[in-house]
Amino acid sequence: QVRLVESGGGSVQPGGSLRLSCEVSGPYFYNYDMSWYRLALGKSRELVASINKNGAITNTLDSVKGRFTISRDNEKSAVYLQMNSLRPEDTAAYLCHARETYASGTKQDYWGRGTMVFVSS
C-alpha cells in the first residue's frame, strides 16, 4: 500500500513563507506524477500545482503563479511545495496526490491526509 505523508503546514502571517513536504512510501516514486491540491472551507478542491515523473511542471494554479513552486526529489521519494508571499486566501488543507499510469492506460491514484495552512494576521 502506497502512503503519502504531508508535513510543513502551520500558521503564518500574510507575506510569509512555508515549505510543504510529501513523502511517499514504496519503491516506485520515480514513476508517479505528483500534485498538490488544496481544499478551503466552503470551496471545492482545486489543483495547485503538478510535476510529472520526468520533473516537468505541468500545472500551476493562476492565483499562485510566481509565488508557489513545486519540486521533487526522486532519491528521497518526496515532493515539495515552496509557498512564498502567502495570502489569507491561501488558507486551506493542502493534500498530496500521486498518480501512477500503467502501460495499459489504467491510472491509480493515491492521496495523503493533508496538512493545514493558516494565513492570518
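When reading the values below, keep in mind they use all heavy atoms of this one structure, side chains included, and skip hydrogens, waters and symmetry mates.
- Sorted by first and then second residue, the pairs that involve residues 3-109 and meet disulfide (SG to SG under 2.5 Å), not counting sequence neighbours, are Cys22-Cys96.
- In the hydrophobic cluster analysis, where Ile, Leu, Val, Met, Phe, Trp and Tyr join through side-chain heavy atoms closer than 4.5 angstrom, Leu20 is grouped apart from Tyr37.
- A pairwise comparison of heavy atoms in Ile70 and Ile57 identifies O-CD1, 3.6 Å as the closest pair.
- Within the model, atoms CG of Asn59 and CG of Asn52 stand 10.0 Å from one another, a figure rounded to the nearest 0.5 Å.
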> side chain to side chain contact (heavy atoms under 4.5 Å, CB included) between Met83 and Ser17: does it pass, once the steps are laid out?
Replying inline: CA-CA 5 Å; Met83 306 187 296; Ser17 297; over 6 Å; no
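- Shown here is Glu100, whose CD atom has more than 12 heavy atoms of other residues, nucleotides or ligands within 6.0 Å.
- With rounding to the nearest 0.5 Å, the separation of CG in Leu39 from OG in Ser44 is 8.0 Å.
- Aromatic ring orientation, His97 versus Trp111: tilted (interplanar angle from 30° to 60°).
- Contact record, Ser104 with Thr106: OG-OG1, 3.1 Å, taken as the closest heavy-atom pair.
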Please output the side-chain donor-acceptor pairs of residues 85-94 that fall under 3.5 Å, not counting sequence neighbours, one pair per line with the distance.
from  : atom 1 : to     : atom 2 : distance (Å)
Asp90 : OD1    : Arg38  : NH1    : 3.0
Asp90 : OD1    : Arg67  : NH2    : 3.1
Asp90 : OD2    : Arg67  : NH1    : 2.8
Asp90 : OD2    : Arg67  : NH2    : 3.4
Asp90 : OD2    : Arg87  : N      : 2.8
Thr91 : OG1    : Pro88  : O      : 2.9
Thr91 : OG1    : Val119 : N      : 2.9
Thr91 : OG1    : Val119 : O      : 3.4
Tyr94 : OH     : Arg38  : NH1    : 3.0
Tyr94 : OH     : Asp90  : O      : 2.6

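- A continuous path of ILVMFWY side-chain contacts below 4.5 Å connects Leu18 to Leu61, so both sit in one hydrophobic cluster.
- Residues passing the side chain to side chain contact (heavy atoms under 4.5 Å, CB included) test with Arg113, sequence neighbours excluded: none.
- Trp36 and Phe68 have their aromatic ring centers separated by at least 6.0 angstrom.
- Both Tyr110 and Ile51 are part of a single hydrophobic cluster, where members link through side-chain heavy atoms under 4.5 Å apart.
- The backbone N or O of Gly9 sits less than 3.5 Å from a side-chain atom of Thr115, completing a donor-acceptor pair.
- Of the possible polar contacts, none joining the Asn54 side chain to the Ala56 backbone as a donor-acceptor pair under 3.5 Å is found.
- In this structure, Glu6 contributes its side chain and Gly114 its backbone to a donor-acceptor pair below 3.5 Å.
- Connection of Leu41 to Met116 is not established within any shared hydrophobic cluster, with ILVMFWY side chains joined at heavy-atom distances below 4.5 Å, either directly or through further cluster members.
- Contact record, Arg72 with Asp33: NH1-CA, 4.4 Å, taken as the closest heavy-atom pair.
- Taking each heavy atom of Asp73 and Phe29 in turn, the nearest pair found is O-CE2, 3.8 Å.
- The closest donor-acceptor contact from the side chain of Ser25 to the backbone of Arg3 lies under 3.5 Å.
- Tyr32 and Tyr30 fall within a single hydrophobic cluster, where Ile, Leu, Val, Met, Phe, Trp and Tyr side chains are chained together by heavy-atom contacts under 4.5 Å.
- Closest non-hydrogen pair, Ala98 versus Met34, comes out as CB-SD, 3.5 Å.
- When side chains are defined from C-beta on, Val24 does not count as touching Val79, because their heavy atoms never get closer than 4.5 Å.
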